[in-house]
Amino acid sequence: MLRISASTVRDRWPLFAGALLTVTLGVALVQSSVLVLVSTGDPTIPPGASGRLAEQIREGYVGAATLLGMATPLAMFLAVFIVGSTFAFSVEQRREELALLRMLGGSRPQLIRLLLGEAFLLGLAGSALGILLGMPATWLQARLLIGIGLLPGDFSARWSHGMLLLSPAVGIGVAVFGVLSASYRAARVHPLDALRSAPRATRVMTLGRWLWGVSSLVLTVMLVVAGHGADLLGALLVAMAIPVFGSIALSALSPLVVPLVGRLLGMVLRTSALGELAQANLRDAVRRSASTAAPVIVLVGLLVGLTGALNSLARAAGVDLERSTAADLVVTSTGAVAARIPQIPGVALASPQSQVEMSVTAQHRVDHRSYRQTHHSGITAVDAAAYRRTHRLTLRSGSLEALHGRTVAIGPRLAAEGVRDGAVTARIGPHKLKLRIVARLPEVLENGSDNFLVPRDLVPTAMLADAPTETLVQIAPGTSPQAVADRIRAAGIGEVRTLGQWADARVEAQQRGTMGIMAVLMGMSGLYAAIAVINAVVIAAAERRTEFAVARATGLSRSQVVRMAVIESAAVTLIGLLLGTLVAAAALASFYPGPAGVHILSVPWTLLGLLIMASLAVTAVASALTALTATRPSPTALIAARG
Amino acid sequence: MRAPAAAGPHAGLPVAPVQLYQVSMHYGAGETQVQALAGVSVTFPAGSWTAVMGPSGSGKSTLLHCAAGLDRVSAGRVLLAGQDITHATDAELTRLRRRTVGFVFQNFNLIGSLSAEQNVALPLRLAGARPSRRDVQTALADVGLADRGRHRPRELSGGQQQRVAIARAMVMRPSVLFADEPTGALDTGSARTVLRLLRRMVDAAGQTVVMVTHDPVAAASADAVVFLSDGRIADRLLRPSAAQVAERLTRLEG
């Protein structure tokens with residue numbers, strides 16, 4: 001069987017080219033992600049780095065690992081999906097040949113083995129190419145992570161020989177897993193199909209399709225319902241799962257849905273003869289339409305859904321930050337100049353918050369497990385009275401009034417980390433002190449919040465003077481914030497922003513990493529989807545040569561045939577876009593109206609617009625080119641060849 | 001049916017390789033139902049060559065498909081090499097296709113990516129046998145293509161392709177060879193070669209052949225001709241001439 005597989009692959013490579021490229025890209029991406037991941041497992045801290053810097057580097061590494069851990073499975077899902085739909089379609093195209101094998105005594109298991117053999121060879125070839133492509137990809141990915149500030153500039157991923165095992169396993173796994181359902185469909189091909197020039201109308205909605213589609217749909221609906229009352233974390237998880245299951249559901253059920261939506265589109269299309277013909281084809285060639293629409297559904301559902309979810313989460317953090325901060329302006333400067341802010345006319349209150357170079361070792365207890373941990377970053381020196389008036393917080397326990405002298409407050413970031421009551425050990429320069437815990441702050445949504453608050457009188461003046469400081473400023477009633485901002489600027493104190501600008505910038509800084517990875521993921525998925533769509537259009541065009549010839553013999557000009565093909569594929573793409581948007585909307589439903597009625601839903605309109613334009617352009621160009629090629633020979637030659 | 005004169009070494013075999021009893025077959029349901037076969041009983045005796053003829057839509061292809069186990073009958077029984085295949089499972093039918101029946105089609109249906117030798121060896125390989133080169137070459141030599149083994153189908157003429165297809169069907173030494181319009185896509189010269197080849201297989205090796213055709217000349221090469229009309233057996237002829245066949249056919253169509 002493997003020999004027949006090999007000769008089929010060799011002979012019909014255009015059928016497999018798209019799948020091969022998909023496997024290659026998938027292997028390269030997984031390999032580069034894993035290599036970068038492995039290399040981030042052991043952060044190199046430059047000698048002489050301060051505790052705070054070392055902790056920041058470590059946090060960057062963890063952040064990079066998390067992002068890669070999120071992006072890699074999604075890329076795998078896409079690869080399996082695309083290989084699967086390519087093979088499913090190619091089985092349809094090879095029906096006659098498969099039927100002939102059945103006629104000559106091939107059994108069902110043999111046909112399954114034939115396709116699995118093809119997938120194996122494809123996976124093997126894709127792995128070899130992917131391992132090679134993975135090398136520049138690793139470098140590129142490391143550069144990207146350095147570029148968005150998660151990894152230090154001297155980071156480089158090391159090659160591991162384990163890749164020679166892992167990459168082929170991934171490549172062959174993706175190919176074989178992708179072809180599994182197609183091979184079972186191939187096994188159901190009837191021997192008599194070898195004799196029918198036009199195969200009997202086969203049922204497109206097979207039992208497997210129904211099972212897949214309906215179960216995924218039910219799961220999606222359950223997720224949407226569950227997401228409705230969920231908190232933000234729940235909403236995010238739901239928003240990450242829905243694009244996957246929703247896309248599977250709508251793609252599997254697309255033979256039902258595409259003609260339905262096609263009928264709606266038909267009201268517009270029917271106004272011209274070409275449009276009517278295109279719409280009729282759309283309804284008739286359900287399988288082909290479904291193959292074109294499926295990758296578009298996945299692309300839009302996944303990208304718009306995920307990006308929207310992440311953006312909404314960021315907006316929620318921003319809203320939370322703005323709501324909990326009672327200030328008009330935020331001034332960024334050093335601690336030394338920040339001391340001059342209260343003297344500026346019009347400033348009613350200034351609350352300086354300085355990031356200090358010290359360490360705090362705390363006892364944690366989480367789930368019956370106790371451990372000590374030393375924190376170097378997120379330790380902020382505050383003026384307790386001013387802090388209380390500029391932050392609208394309900395403390396979990398204790399009181400900030402007591403934050404004077406050798407005391408500490410547990411910051412929002414450690415609120416859920418089980419820091420034990422009593423005292424923590426702080427190290428300021430050469431001194432070691434015990435600090436009594438006097439208060440615990442509540443959790444906030446923002447990622448980069450404080451670990452500990454310490455009173456300013458605890459920190460040596462020289463250290464405070466050098467510390468990067470943000471001062472929250474309240475303006476005296478009746479004074480214009482703009483005027484005060486100008487005065488602070490004129491005094492040369494530092495950068496002045498409104499509360500809104502400051503909150504947005506903080507959230508954006510934290511989102512930068514996520515968006516970088518999303519950009520890579522988007523690029524990959526976009527490319528995958530383009531491959532799949534082009535594949536479907538090109539494979540279908542070969543089958544349609546005769547159909548096009550008949551259309552021309554009936555009186556259509558060549559350009560009319562091409563226009564018909566373009567209208568048709570544009571309509572299918574529109575349907576895919578519509579369904580994909582539906583999936584994305586389901587994913588984002590849990591962010592609307594948002595917890596406590598705050599509007600946090602953020603729809604990535606620009607991305608959606610770009611996807612719509614790019615998908616339409618790709619399918620239109622692909623179908624125009626293939627239709628042009630298919631109509632090159634004279635129509636009579638093609639019709640005669642049929643007999 | 002009047003048994004055609006079954007000369008040759010296989011004469012007197014007790015079991016005819018193909019027997020149909022009261023076979024009916026219809027497609028579709030309700031208003032659109034089409035009766036393709038209506039109570040057809042026919043036996044194709046061992047070592048004989050029978051042509052099945054009839055106007056378009058008379059059910060001759062359906063008869064062939066039912067007899068070969070490619071289509072399920074709606075009523076009646078079908079026996080293939082003594083085995084009742086009316087309710088056979090897919091695995092049983094697969095076994096029969098491997099061991100008992102061979103097929104030749106109008107459009108040759110060779111696999112384009114395989115050479116002539118590989119095409120001929122394919123049924124053996126599908127049956128799990130390790131075909132010897134000699135078996136394959138003998139089969140090709142039997143159809144006069146010993147020197148074309150390495151050629152791909154697209155490098156062969158239509159007649160040559162059909163002969164490769166016959167070699168492929170015969171390599172398993174099937175009890176019955178089913179041929180569906182084997183000369184339909186060939187020029188007269190190639191058609192004559194193919195018919196001579198079939199004749200030799202019947203006479204020399206006692207091969208049973210069931211052939212659907214609409215060509216009176218092809219039918220006249222057979223031992224017997226069965227005429228179908230509207231899904232029923234309308235007539236039979238033994239060793240007819242092409243003119244006799246044409247005359248019967250015209251009468252049926254008229």
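To find a chain, count down the sequence lines: A is the first, B the second, and so on, and within it residues start at 1.
- At a 4.5 Å heavy-atom cutoff, the contact between B:L110 and chain A is made by backbone atoms alone.
- Going from atom CG of A:L100 over to atom CG of B:N119 covers 8.0 Å, rounded to the nearest 0.5 Å.
- B:Q118 touches chain A through its side chain: at least one heavy atom from C-beta onward sits under 4.5 Å away, while N, CA, C and O do not.
- With values rounded to the nearest 0.5 angstrom, B:N109 atom CG is found 7.0 Å from A:M103 atom CE.
- Checking B:L70, B:L93, B:D90 one by one against A:R102, the side chain to side chain contact (heavy atoms under 4.5 Å, CB included) holds for a single residue, B:D90.
- The two residues A:G105 and B:R97 make their nearest non-hydrogen contact at CA-CB, 4.0 Å.
- By a heavy-atom distance cut of under 4.5 Å, B:R168 are the residues of residues 155-175 of chain B near chain A, going up by number.
- With rounding to the nearest 0.5 Å, the separation of CG in B:L126 from OG in A:S107 is 8.0 Å.
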